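What you see is a predicted model, and the numbers here were worked out from it, not measured in a lab. So that the names make sense, note that chain A is the first sequence line, chain B the second, and so on, each numbered from 1.
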2 protein chains.
Amino acid sequence: MPKTSTQKFYKPSITADVVVFTIEDSLLKVLTVKRADEPFKGTRALPGGFILPGSDSMGTARRILKEKAGLEGIYMEQLYTFDDPKRDPRGSVVSVAHFALVHRDAISLETSSHTQDPTFTPLKHTGTLAFDHKKIIEYAYERLRGRLEYTNIAQSLLPKEFTFSELQNVYETIFSKKLDKRNFRKKIERLGLIKATKKKIKRGRQRPALLYTFASGKAESFKNPF
Amino acid sequence: MPKTSTQKFYKPSITADVVVFTIEDSLLKVLTVKRADEPFKGTRALPGGFILPGSDSMGTARRILKEKAGLEGIYMEQLYTFDDPKRDPRGSVVSVAHFALVHRDAISLETSSHTQDPTFTPLKHTGTLAFDHKKIIEYAYERLRGRLEYTNIAQSLLPKEFTFSELQNVYETIFSKKLDKRNFRKKIERLGLIKATKKKIKRGRQRPALLYTFASGKAESFKNPF
DNA sequence: CCAAAAGTGTTGACTGTACACCCATGT
DNA sequence: ACATGGGTGTACAGTCAACACTTTTGG
């Protein structure tokens with residue numbers, strides 16, 4: 001480590017942790033791994049680790065997701081920095097937490113000797129988690145609901161082409177609330193978030209559904225009350 | 001510094017910076033101080049400094065506001081963590097930035113040998129600032145607009161009792177947009193954010209205005225589109 | 001009586017919400 | 001023929017946006 005003029009200052013350690021959400025079987029699930037080291041060795045925790053020289057926290061989060069779960073190229077944004085000096089029994093360890101979304105069918109988790117048994121668990125049944133990771137997940141869940149209300153972030157939980165029902169299922173699952181089919185369709189159409197393709201998908205003994213895609217690749221705020 | 005098990009890891013330095021907004025003369029202003037040390041010695045910058053052992057970043061932000069500007073007891077929330085490893089010429093210095101609001105008349109800035117010439121400058125005329133502080137202020141301004149749209153945060157920019165015009169002025173100043181007096185009043189009344197007192201205030205040669213107070217001390221989200 | 005800010009209502013367009021039936025397909 | 005999810009319209013209530021005049025005071 002080079003001697004710089006910042007060397008003289010007290011330095012807490014800094015880690016990056018990630019809350020990866022996905023929807024599977026109409027359940028909101030979160031990714032956890034089994035801790036390989038003390039403290040909390042063997043307990044499940046959010047994937048995370050120390051920031052290496054020259055890296056930022058999101059780069060670190062991405063590196064760790066790849067190492068610990070074989071997961072790459074997913075939507076991610078910074079969530080919040082958890083910096084209670086008592087949150088880690090080893091002493092001050094600041095966690096810059098991130099929030100990520102993935103379409104479950106787009107990825108497969110690697111379970112190998114290098115990974116740490118990465119598993120998507122229903123949000124309500126994570127069991128005990130290391131550190132303050134339950135609290136971090138709660139915070140991420142709030143963020144998820146907020147983003148869903150005001151942006152087109154649902155696209156990160158869906159394949160490129162999807163049916164109206166699949167989109168509605170994302171909203172219903174995350175808000176734990178049944179929505180009216182007709183009203184939901186009108187609302188989404190008015191917002192202009194998605195456009196119809198010319199394809200239909202047949203799935204079982206129902207009428208085939210039209211496939212849609214999102215109109216814009218990046219996030220937009222829906223409305224401004226003033 | 002105690003030898004803990006985290007000692008072996010690379011540690012960037014961590015600072016806390018604060019963006020304090022206020023409204024004065026119908027202008028949105030931001031607090032800056034003059035840097036006492038290198039790098040950027042003499043350049044204006046956001047108040048900020050290194051986190052001390054046992055402190056969290058918000059505690060640090062509050063301590064520094066008090067030391068560098070004589071400012072205490074104001075609304076504050078965590079904003080974002082800026083962690084580009086190249087943002088500080090000395091090497092990796094992570095900044096946990098905070099967002100604060102104050103009613104200009106409620107405070108007076110201390111200018112003494114201990115402080116660093118704390119000044120509220122109009123947002124559009126801050127001039128050159130140290131590090132990436134311009135970017136941090138931009139981010140804070142976005143947050144401010146978002147909070148104003150969906151919460152009752154305006155109360156942190158107003159005295160306990162205020163007139164409808166003063167409230168409207170907060171919104172108009174921050175959104176840089178004239179609002180219709182009647183529609184604004186109806187909207188705010190419908191939200192139930194504020195309640196009338198029995199007092200009127202006379203100010204000059206106009207009809208006296210009714211004074212209002214906020215109904216709830218803490219933030220509430222206005223509405224959910226789903 | 002004049003200047004200045006305070007305060008007040010109506011209308012038309014749009015959005016939200018509640019609600020029930022027919023459609024296209026596979027079995 | 002039936003079960004399954006796909007797809008559609010209408011009516012009422014609430015909200016948004018545009019717009020102008022009267023009131024109360026001090027000077």
What integer distance in Å separates [X]:[atom1] from [N]:[atom2]?
{"X": "A/L211", "N": "D/dG6", "atom1": "CG", "atom2": "C1'", "answer": "12 Å"}
{"X": "A/E149", "N": "C/dG16", "atom1": "CD", "atom2": "C1'", "answer": "15 Å"}
{"X": "B/Q168", "N": "C/dT8", "atom1": "CD", "atom2": "P", "answer": "14 Å"}
{"X": "B/I188", "N": "D/dT15", "atom1": "CD1", "atom2": "C1'", "answer": "14 Å"}
{"X": "B/I201", "N": "D/dT25", "atom1": "CD1", "atom2": "C1'", "answer": "14 Å"}
{"X": "A/F162", "N": "D/dG6", "atom1": "CZ", "atom2": "C1'", "answer": "16 Å"}
{"X": "B/E172", "N": "C/dA5", "atom1": "CD", "atom2": "P", "answer": "13 Å"}
{"X": "A/K181", "N": "D/dG9", "atom1": "NZ", "atom2": "C1'", "answer": "13 Å"}

Which listed nucleotide (C/dG9, D/dG9, C/dA5) is nearest to the side chain of A/K186?
->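 Out of C/dG9, D/dG9, C/dA5, the nucleotide with an atom closest to A/K186's side chain is D/dG9.
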
Could you check A/P208 against A/N183 and say which one's nearest nucleotide on DNA chain D is further toward the 5' end?
->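 Mapping each residue to its closest nucleotide by heavy atoms, the 5'-most match is A/P208.
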
Report the residue (B/R190 or A/A209) whose heavy-atom-nearest nucleotide on DNA chain D is the more 5′ of the two.
->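 Result: A/A209.
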
Taking atom NZ of B/K66 as the centre, does the number of heavy atoms from other residues, nucleotides or ligands within less than 6.0 Å exceed 12?
->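 Open.
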
Check the pair A/T126, A/T121 against side chain to side chain donor-acceptor pair (under 3.5 Å), reporting the backbone distance first and the verdict last.
-> CA-CA 6 Å; A/T126 52; A/T121 316; over 6 Å; no

Answer with yes or no whether the side chains of A/T119 and A/R44 bring together a donor and an acceptor at under 3.5 Å.
->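 On atom types as modelled, these side chains qualify, holding a pair under 3.5 Å.
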
For DNA chain C, whose closest nucleotide is more 5', that of B/F226 or that of B/K200?
->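 Its nearest nucleotide being more 5', the pick is B/K200.
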
First encountered from the 5' end of DNA chain C, between A/G204 and B/S165 |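 Its nearest nucleotide lies further toward 5', so the answer is B/S165.
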
Any side-chain N or O of [X] less than 4.0 Å from the OP1 or OP2 oxygen of [N]?
{"X": "A/R182", "N": "C/dT17", "answer": "no"}
{"X": "B/R185", "N": "C/dT8", "answer": "yes"}
{"X": "B/R203", "N": "D/dT25", "answer": "no"}

Check whether NZ of the Lys or CZ of the Arg A/R35 lies under 6.0 Å from the centre of the six-membered ring of A/F40 and within 45 degrees of that ring's axis.
->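 No, A/R35 does not lie over the aromatic ring of A/F40.
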
So, B/E77 and B/R143, do they make that salt bridge, N to O below 4.0 Å?
->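 The answer is yes: the pair qualifies as a salt bridge.
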
With no angle test and no hydrogens, is the base of C/dA24 tied to the side chain of A/K202 by a donor-acceptor pair under 3.5 Å?
->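 No, the side chain and the base share no sub-3.5 Å donor-acceptor pair.
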
Got a donor-acceptor pair under 3.5 Å from the side chain of A/R205 to the base of D/dT4?
->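 Between D/dT4 and A/R205, which were checked side chain against base, a qualifying N/O pair under 3.5 Å is absent.
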
Touch check for B/K187, heavy atoms < 4.0 angstrom, all strands: base, sugar-phosphate only, or nothing?
->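 Answer is sugar-phosphate: B/K187 comes under 4.0 Å of backbone atoms only.
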
